[in-house]
Amino acid sequence: MINKKGTILVENIIFIILNLVFLAILILFLFSHVGGAAVLEEKYAKQIALMMDAAKPGMEIHLNVEDAIEKADDEDWEEKIINVEGNLVSVKLREKGGYSYSFFNDVGVNAYPDTTNNKEYVFIINENE
Amino acid sequence: MRMNKKAKSKIFHYNFFSKNRRGEKVISVYWFAILFIVAAAVVYMVFIFYGQPYDVREIEADMLTSRISDCLSEGGYLIKENLVTDNFLQNCNLNFNTEDSYGWGEQEQYYFKAEVKNFADGVLIFDVAKGNPNLKDFCGKEDSSFPACVETEVYSVDKEGNQYEIKILSVVRKTEKNVN
């Protein structure tokens, strides 16, 4: 590797740089899929549906959805990210996306962003009229 | 002799390969081919893993069982007012409507069957079944593409001290949104 003058050959440097570039691309790809909008939409839709199944009238539930809000900001989605209509939960973090999941608990749910904590969503459980 | 010594010294010289670098270039090609294969394998594994949806059907079926159990028995006492087949879903605050995707509007995605028996003599005093009855045929079969079934037995008493056994079977389908 070291020639008579004691300098490192250029080929080895290029080889190491190419390896590092390859690893960086692989890690970027992994992180892009781990925190992907589609995965978050499905995760929160099902999580909230299961929460509603277990909930009873009179409950007030606060759910931390910071990563979903950040993802919606990244996707330039400014509308409400979580909607509960009837017994259907819809989570939408981007314009061309969204995931819905139903729950079997017959309750009325009012979902809105927490005004005191912008990282949370509030769910008020009522009797279904 | 001189030529042999020279040759030997060349063999052990640190710069032995300096004149022939073609071998190194060939090895580099194989190296990057291996890297590409590894990258392809990692990408494939990531797509397989994150392409799988979260399967929450068993949790849902468990919650449905728990909800029905709470509807029939509270604090260990049987709620005889709810032992009515008509309007059982409304009495227990259950709604089996689902989103109208994958043809779910025509095929119900839930099913449950509840039986209340006298513990002493095993006589059935109440039973109710709601939802899609075809789903119970898939219970007992080990396949993730089949509906998720949960069966539970709880025991209850009434104010007279009579003991009852409540058997509940809950089934949740929703295969298209929980299994790839």
Side-chain angles (χ1 to χ4, degrees), chain A residues 1-4 9 11-12 14-15 18-36 38-57 85-90 98-109 125-128, chain B residues 13-15 17-18 21 24-25 27-28 31-32 34-36 38-43 45-47 49-68 70 89-101 104 108-110 112 130-131 170 172 174 177-178:
Chain A
M1 186 170 162
I2 302 175
N3 65 19
K4 283 182 181 175
L9 291 173
E11 289 90 346
N12 286 289
I14 292 170
F15 182 74
L18 282 174
N19 275 289
L20 289 173
V21 166
F22 163 79
L23 280 171
I25 291 169
L26 201 59
I27 290 168
L28 275 172
F29 167 76
L30 284 172
F31 275 104
S32 70
H33 268 79
V34 168
V39 174
L40 282 176
E41 284 171 350
E42 183 193 346
K43 171 196 158 188
Y44 279 112
K46 288 183 174 174
Q47 183 180 4
I48 293 165
L50 291 176
M51 265 171 37
M52 297 302 109
D53 280 335
K56 291 181 181 175
E85 287 180 22
N87 68 333
L88 187 68
V89 178
S90 298
Y99 195 92
S100 298
Y101 204 76
S102 57
F103 53 92
F104 57 75
N105 195 3
D106 195 18
V107 290
V109 180
I125 316 298
N126 307 306
E127 296 270 0
N128 198 15
Chain B
H13 197 277
Y14 66 85
N15 227 2
F17 290 107
S18 63
R21 303 305 295 272
E24 280 191 11
K25 288 178 185 172
I27 289 170
S28 292
W31 174 254
F32 283 107
I34 289 167
L35 279 184
F36 177 76
V38 168
V42 170
V43 167
M45 284 187 290
V46 166
F47 271 114
F49 181 76
Y50 286 104
Q52 291 278 354
Y54 294 110
D55 192 353
V56 298
R57 294 172 301 162
E58 197 166 329
I59 302 172
E60 258 192 289
D62 211 25
M63 284 184 168
L64 181 58
T65 303
S66 179
R67 174 54 59 96
I68 294 164
D70 289 343
L89 289 178
Q90 288 82 355
N91 291 342
C92 296
N93 294 315
L94 294 172
N95 181 351
F96 282 179
N97 294 331
T98 53
E99 57 270 41
D100 196 14
S101 49
W104 289 3
E108 282 201 13
Q109 300 298 301
Y110 299 99
F112 77 86
K130 296 287 180 188
S170 299
V172 174
K174 293 188 176 181
K177 285 198 171 184
N178 287 277

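Quick note on labels: first sequence line is chain A, next is B, and so on, each numbered from 1.
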Notebook entry, point to check: Considering residues, nucleotides and ligands other than A:Phe29, do more than 12 of their heavy atoms fall under 6.0 Å from its CZ?
Noted result: yes
Does any heavy atom of chain A fall under 4.5 Å from the side chain of [X], the backbone, both, or neither of them?
X       : result
B:Phe49 : neither
B:Leu89 : neither
B:Tyr54 : both

Notebook entry, point to check: Strictly by modelled atom types, are A:Ser100 and B:Lys177 linked by a side-chain donor-acceptor pair under 3.5 Å?
Noted result: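 No - no donor-acceptor pair under 3.5 Å links their side chains.
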Note to self: I need the full list of salt bridge (Lys or Arg N to Asp or Glu O under 4.0 Å) pairs touching residues 42-57 of chain A, with sequence neighbours left out, sorted by first then second residue.
What the structure shows: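 Passing the test, one end in residues 42-57 of chain A: A:Glu42-A:Lys46, A:Lys43-A:Asp67.
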Notebook entry, point to check: Given the options B:Asn93, B:Val38, B:Val172, which has more heavy-atom pairs under 4.5 Å with chain A than any of the others?
Noted result: B:Asn93
Margin query: Below 4.5 Å, heavy-atom pairs only: which of B:Cys92, B:Ser101, B:Pro53 has the largest tally toward chain A?
Written below: B:Pro53
If you round to the nearest 0.5 Å, how far is [atom2] of [Y] from [atom1] of [X]?
X        : Y        : atom1 : atom2 : result
A:Asn105 : B:Asn95  : CG    : CG    : 9.0 Å
A:Phe103 : B:Glu60  : CZ    : CD    : 11.0 Å
B:Phe96  : A:Ser102 : CZ    : OG    : 11.0 Å
B:Trp31  : A:Phe15  : CH2   : CZ    : 5.5 Å

Item checked: Heavy-atom pair with the smallest gap, counting every atom of A:Phe22 and B:Leu35 ->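 In terms of heavy atoms, the two residues are closest at CZ-O, 3.5 Å.
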Check: Given side chains that start at C-beta, do those of B:Gln90 and A:Asp106 come closer than 4.5 Å, heavy atoms only?
Finding: no
Notebook entry, point to check: At a heavy-atom separation under 4.5 Å, does A:Leu26 approach chain B through its side chain, its backbone, both, or neither?
Noted result: side chain
Check: At a heavy-atom separation under 4.5 Å, does A:Phe104 approach chain B through its side chain, its backbone, both, or neither?
Finding: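 For A:Phe104, the contact with chain B is made by backbone and side chain together.
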